[in-house]
Amino acid sequence: MKCSFLLLLSILLCFLVTSCTESRRVKAMMMDFIESEIVIPNDLVCIQAGALTKIDIDSLKQNKYIIYYDSLECSSCRVGHLKEIYPLYQMADTMGFSVLTIFAPRIRDLDEIKLQLMVSQHPFPVYIDLSREFTIRNREIPLDSRFHCFLIDNEGKPLLVGNPLYNEKILDLLNEILQH
């Protein structure tokens with residue numbers, strides 16, 4: 001009985017130490033990320049309603065919500081779930097920010113992703129980082145996908161990390177940021 005209690009206590013202590021370590025690691029990543037500057041390159045390819053164009057940086061609003069899918073994620077899977085973020089685009093229209101959904105797939109997946117996006121005919125713009133310029137210029141974005149949905153200001157400074165569609169606190173913070 002005493003042995004099982006000690007084992008349970010040991011497991012609990014390991015969990016607490018691991019949790020604290022993870023919390024510190026995430027906090028450090030957040031601080032580094034918030035201090036960075038995100039660059040949106042001029043050569044992103046835009047696909048909207050099946051049409052292929054270049055990004056028009058001048059048409060973007062001052063605040064931009066970026067949803068970034070890097071080469072570590074299954075891009076094909078993400079294309080299939082883009083309908084889930086339609087409400088973010090609707091929110092952007094009413095609240096006055098732009099949404100940039102950016103795919104940076106592996107080179108071997110580029111043609112497939114382009115085709116999927118063209119065939120899917122999404123009514124909102126989806127961008128592809130063909131030259132890997134977004135990825136290269138923004139190495140400060142952590143590999144942790146929790147940091148791949150964020151709001152930046154006109155200077156590229158991250159203002160908020162998280163998806164307001166799935167977290168009410170993030171939505172409240174977004175409203176607060178946009179009102180100032």
Side-chain angles (χ1 to χ4, degrees), residues 15-41 44 46-48 55 57 59-105 113 117 120 122-129 132-180:
F15 177 74
L16 289 174
V17 169
T18 305
S19 296
C20 291
T21 303
E22 175 65 10
S23 177
R24 281 192 296 265
R25 187 183 70 79
V26 169
K27 188 181 265 187
M29 277 194 299
M30 178 70 83
M31 294 309 294
D32 289 344
F33 182 59
I34 294 294
E35 293 173 4
S36 68
E37 181 181 331
I38 304 302
V39 178
I40 300 171
L44 292 177
C46 176
I47 298 176
Q48 183 174 1
I55 189 171
I57 300 253
S59 70
L60 300 175
K61 296 186 173 61
Q62 182 173 352
N63 293 311
K64 299 152 198 69
Y65 226 104
I66 296 177
I67 302 168
Y68 172 56
Y69 299 116
D70 65 6
S71 62
L72 300 176
E73 297 188 54
C74 173
S75 296
S76 295
C77 302
R78 293 299 184 175
V79 169
H81 290 278
L82 282 176
K83 291 178 185 167
E84 294 172 7
I85 61 172
Y86 279 15
L88 187 59
Y89 283 87
Q90 293 166 334
M91 192 184 301
D93 287 340
T94 61
M95 294 174 74
F97 61 90
S98 295
V99 177
L100 283 89
T101 302
I102 301 173
F103 280 86
I113 297 305
L117 288 169
S120 62
H122 291 289
F124 53 84
V126 178
Y127 300 94
I128 303 177
D129 185 18
R132 313 282 302 158
E133 188 71 19
F134 181 82
T135 304
I136 292 166
R137 295 188 70 182
N138 297 297
R139 295 195 188 277
E140 301 86 12
I141 298 174
L143 293 176
D144 188 328
S145 63
R146 292 178 288 185
F147 290 85
H148 291 185
C149 188
F150 54 91
L151 179 72
I152 61 171
D153 66 12
N154 211 34
E155 284 85 41
K157 290 289 183 195
L159 302 173
L160 180 65
V161 175
N163 192 329
L165 297 177
Y166 305 126
N167 187 317
E168 196 169 314
K169 288 179 183 178
I170 298 293
L171 179 59
D172 291 343
L173 286 170
L174 175 62
N175 281 319
E176 188 178 315
I177 289 168
L178 294 174
Q179 288 175 3
H180 289 105

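Below, each value reflects all heavy atoms present in this structure, side chains not excepted, and no hydrogens, waters or symmetry copies. Starting from 1, each residue takes its place in the sequence as its number.
- In this structure, a donor-acceptor pair under 3.5 Å is absent between the side chains of Thr101 and Tyr69.
- In this structure a side-chain-to-backbone donor-acceptor pair under 3.5 Å is present from His148 to Pro142.
- Atoms CD1 and OH, on Ile102 and Tyr68 in that order, are 8.5 Å from each other to the nearest 0.5 Å.
- Arg137 places no side-chain N or O within donor-acceptor distance of the main-chain N or O of Arg132, the cut-off being under 3.5 Å.
- By the ring-ring contact (aromatic ring centres under 6.0 Å, His included) test, Tyr127 pairs with no residue at all, sequence neighbours left out.
- In this structure, Glu37 contributes its side chain and Lys157 its backbone to no donor-acceptor pair below 3.5 Å.
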Kindly indicate, with the supporting measurements, whether the criterion side-chain contact (heavy atoms from CB on, under 4.5 Å) is fulfilled by Asp129 and Ile136. CA-CA 10 Å; Asp129 185 18; Ile136 292 166; over 6 Å; no
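- Taking CE of Met95 as the reference point, atom CD of Gln90 lies at 13.0 Å (rounded to 0.5 Å).
- Remark: Ile38 CD1 to Leu159 CG distance equals 11.0 Å, nearest 0.5 Å.
- The CD1 atom of Ile177 sits 8.0 Å away from the CG atom of Asn63 when rounded to the nearest 0.5 Å.
- At distances below 3.5 Å, not a single donor-acceptor pair connects side-chain atoms of Asn138 with backbone N or O atoms of Ile141.
- In this structure, the separation between CD1 on Ile66 and CZ on Phe134 is 4.5 Å, given to the nearest 0.5 Å.
- Inter-residue side-chain proximity for Tyr86 and Leu165 is flagged as unmet; no heavy-atom pair is nearer than 4.5 Å.
- We find the CD1-CG distance between Ile40 and Leu100 to be 5.0 Å, quoted to the nearest 0.5 Å.
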